[in-house]
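A quick write-up on the structure given underneath.
Given the structure is predicted, the values throughout are model-derived calculations rather than measurements.
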Amino acid sequence: MTMGSENRLGGERSMLPRVTTHTLKIAGAILTALYFFGAAVIQNGVLRAPDYTPEQLNDLLAGDAGAMLWAGVASVAEIVGMIAISIYAYLLAQGVEHTSSMKRYALSVLAFALISEVPYDLAVYGRAWDWDSQNPLWTVLAALVTLWIMQSVEGRRHACPLCAVAAVGGCLWAELLRCKFGWGFVLIASALYLLRRRRTMSLVAGLGVSLVYLTAAMGFILISMCDGEKRTVENRLAKYGFYIYYPLLLALMAAWVWMARQSG
C-alpha cells in the first residue's frame, strides 16, 4: 500500500492510500464467504428456510426468539457480503481492459460457472438443481460478454448506441436466466468500463448504479484507492486459485448446510 500515487488511467493524483487489484480480490473473497454464510449456512442449514412457505417462516420467526436471532445474523452477513458486488464489477472491467485473450477469459468464467452451479444450488436451496436463481458467475459471464461487445465496437461510427444495446442485452440475459444479482451487476460493470478513461466519472456512475443494492456502494471506498495496477505479479496458480476458490467455497458451504440440517 502506498500514499499519494498517480492514477495511470485517468492521470489524476490522490492522497488516499492505494491498494492493488490483488487486495481487492482478497476482500471480494472474504465478503463472498460472509454472504454465503448468511444465505446458505444460516438460511438453508440452521433455519431451513427453503422448506417453508413465506407465511410459515414468518410464523416460525415470530414464535422462536432463537430463530429470529439467527435470521438477524443472516441478514447482516448478507448485507455486508453484498459489498463484494461492486468490487467484482470493477475487477471485471479491469480484467477486460488488461486481458490478452477475451476468448480465454470468457471460457474460464463459463467453465467455473458450470462447475459452481450444483454446489450453489446445494448450498442455497438444499437441492442439486434449482431454477429459482443461477449462481453469480453466470451474471459475471453476462457482464463479460457485454463488455466484450463494447470493446469490439469501440471507435466505430455508431459505438454509443451499440454499447447501449449491448448493455440492455446483457441485463436481459441476466434477468431471463435468473442470474443472482442480475441486471444491476451488468450495469455497474458497463458504467465502469465505458467511462474507464475518466476515472472520477467512472466511479461516480458506478457508485450511482450500485445503489440498487443495499450496501454495494460501500465497495467504492476500496475501489477509489485502486488504480488498476497489480503491483504484484500473480502466477498461474494464484490467478486460477481465485476461480477455484468460488466452487470450493460453495462445496464447503453445502457440506456445512448438510451437517447443520443433520444436527438439527
Restricting to non-hydrogen atoms, name the atom on [X] and the atom on [Y] that form the minimum distance, rounded to 0.1 Å.
{"X": "Ile87", "Y": "Ala27", "result": "CD1-CB, 4.4 Å"}
{"X": "Ala71", "Y": "Leu61", "result": "CB-CD2, 3.9 Å"}
{"X": "Ser116", "Y": "Pro247", "result": "OG-CB, 3.4 Å"}
{"X": "Thr20", "Y": "Cys226", "result": "C-SG, 3.9 Å"}
{"X": "Cys163", "Y": "Met150", "result": "O-CE, 3.4 Å"}
{"X": "Leu110", "Y": "Leu141", "result": "CD1-CD2, 3.9 Å"}

Same cluster or not: [X] versus [Y], using hydrophobic residues (I, L, V, M, F, W, Y) connected whenever any side-chain heavy atoms lie under 4.5 Å apart?
{"X": "Phe185", "Y": "Tyr105", "result": "yes"}
{"X": "Leu114", "Y": "Tyr246", "result": "yes"}
{"X": "Val46", "Y": "Ile79", "result": "no"}
{"X": "Trp70", "Y": "Trp256", "result": "yes"}
{"X": "Val73", "Y": "Leu34", "result": "yes"}

Would you say the side chain of [Y] lies within less than 4.5 Å of the side chain of [X], judging by non-hydrogen atoms?
{"X": "Phe181", "Y": "Val186", "result": "no"}
{"X": "Tyr52", "Y": "Asn58", "result": "no"}
{"X": "Leu137", "Y": "Tyr120", "result": "no"}
{"X": "Phe112", "Y": "Ile244", "result": "yes"}
{"X": "Met225", "Y": "Ile221", "result": "yes"}

Who else is in the cluster with Leu248 when I, L, V, M, F, W and Y are joined by side-chain contacts under 4.5 Å?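 Via sub-4.5 Å side-chain contacts, Leu248 links to Leu252.
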
With sequence neighbours excluded, give me every side chain to side chain donor-acceptor pair (under 3.5 Å) pair touching residues 177-192.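 For residues 177-192, and leaving out neighbouring residues, the side chain to side chain donor-acceptor pair (under 3.5 Å) pairs sorted by first residue read Tyr35-Lys180.
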
Keeping to residues at least two apart or across chains, list the salt bridge (Lys or Arg N to Asp or Glu O under 4.0 Å) pairs with something in residues 126-150.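 For residues 126-150, and leaving out neighbouring residues, the salt bridge (Lys or Arg N to Asp or Glu O under 4.0 Å) pairs sorted by first residue read Arg127-Asp130.
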
Can you list every salt bridge (Lys or Arg N to Asp or Glu O under 4.0 Å) pair that touches residues 138-154, not counting sequence neighbours?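 The answer is Glu154-Arg196.
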
Tyr245: partners by ring pair (Phe, Tyr, Trp, His ring centres under 6.0 Å), with sequence neighbours left out: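 By the ring pair (Phe, Tyr, Trp, His ring centres under 6.0 Å) rule, Tyr245 matches no residue at all.
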
Which residues pass the ring pair (Phe, Tyr, Trp, His ring centres under 6.0 Å) test with Tyr125, sequence neighbours left out?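 Partners of Tyr125 by the ring pair (Phe, Tyr, Trp, His ring centres under 6.0 Å) criterion come out as none, since no residue qualifies.
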
What's the separation between atom [atom1] in [X] and atom [atom2] in [Y], rounded to the nearest 0.5 Å?
{"X": "Glu97", "Y": "Leu192", "atom1": "CD", "atom2": "CG", "result": "12.0 Å"}
{"X": "Ser75", "Y": "Leu214", "atom1": "OG", "atom2": "CG", "result": "10.5 Å"}
{"X": "Thr215", "Y": "Ile85", "atom1": "OG1", "atom2": "CD1", "result": "7.0 Å"}
{"X": "Leu176", "Y": "Gln134", "atom1": "CG", "atom2": "CD", "result": "11.5 Å"}
{"X": "Leu60", "Y": "Leu47", "atom1": "CG", "atom2": "CG", "result": "7.0 Å"}
{"X": "Glu117", "Y": "Leu250", "atom1": "CD", "atom2": "CG", "result": "9.5 Å"}

Donor-acceptor pair, [X] side chain versus [Y] backbone, under 3.5 Å?
{"X": "Ser86", "Y": "Ala216", "value": "yes"}
{"X": "Ser202", "Y": "Arg198", "value": "no"}
{"X": "Asn44", "Y": "Pro50", "value": "no"}
{"X": "Gln151", "Y": "Val96", "value": "yes"}
{"X": "Ser263", "Y": "Ala260", "value": "yes"}

Please enumerate all residues that pass side chain to side chain contact (heavy atoms under 4.5 Å, CB included) together with Ala128, with sequence neighbours excluded.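 Counting only residues at least two positions away or on another chain, Ala128 forms a side chain to side chain contact (heavy atoms under 4.5 Å, CB included) with Val118, Leu122.
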
Set of residues satisfying side chain to side chain contact (heavy atoms under 4.5 Å, CB included) with respect to Ala84, sequence neighbours excluded: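 Once residues adjacent in sequence are excluded, the partners of Ala84 under the side chain to side chain contact (heavy atoms under 4.5 Å, CB included) criterion are Leu31, Thr32, Tyr88.
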
Which residue pairs pass the ring pair (Phe, Tyr, Trp, His ring centres under 6.0 Å) test with at least one member in residues 132-161, sequence neighbours excluded?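 Qualifying pairs, neighbours excluded: none.
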
Provide the full list of ring pair (Phe, Tyr, Trp, His ring centres under 6.0 Å) pairs with a residue in residues 191-223, sequence neighbours left out, each pair given once.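 Sorted pair list comes back empty.
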
Just do the side chain to side chain contact (heavy atoms under 4.5 Å, CB included) check on Leu144 and Leu92 with the steps written out, would you? CA-CA 7 Å; Leu144 175 56; Leu92 180 65; 4.0 Å; yes

Exceeds 12 heavy-atom contacts within 6.0 angstrom, atom CH2 of Trp173: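 More than 12 heavy atoms, drawn from other residues, nucleotides or ligands, come within 6.0 Å of this atom.
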
More than 12 heavy atoms from other groups under 6.0 Å of CE on Met218: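 Count not over threshold, so no.
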
Salt bridge (charged side-chain N to carboxylate O under 4.0 Å, His left out) with Asp121: which residues, sequence neighbours excluded?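 With sequence neighbours excluded, Asp121 shows a salt bridge (charged side-chain N to carboxylate O under 4.0 Å, His left out) to no residue whatsoever.
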
Can you sort out the partners of Asp51 under salt bridge (charged side-chain N to carboxylate O under 4.0 Å, His left out), two or more places apart, ordered by chain and number?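 Listed in chain order: Arg261.
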
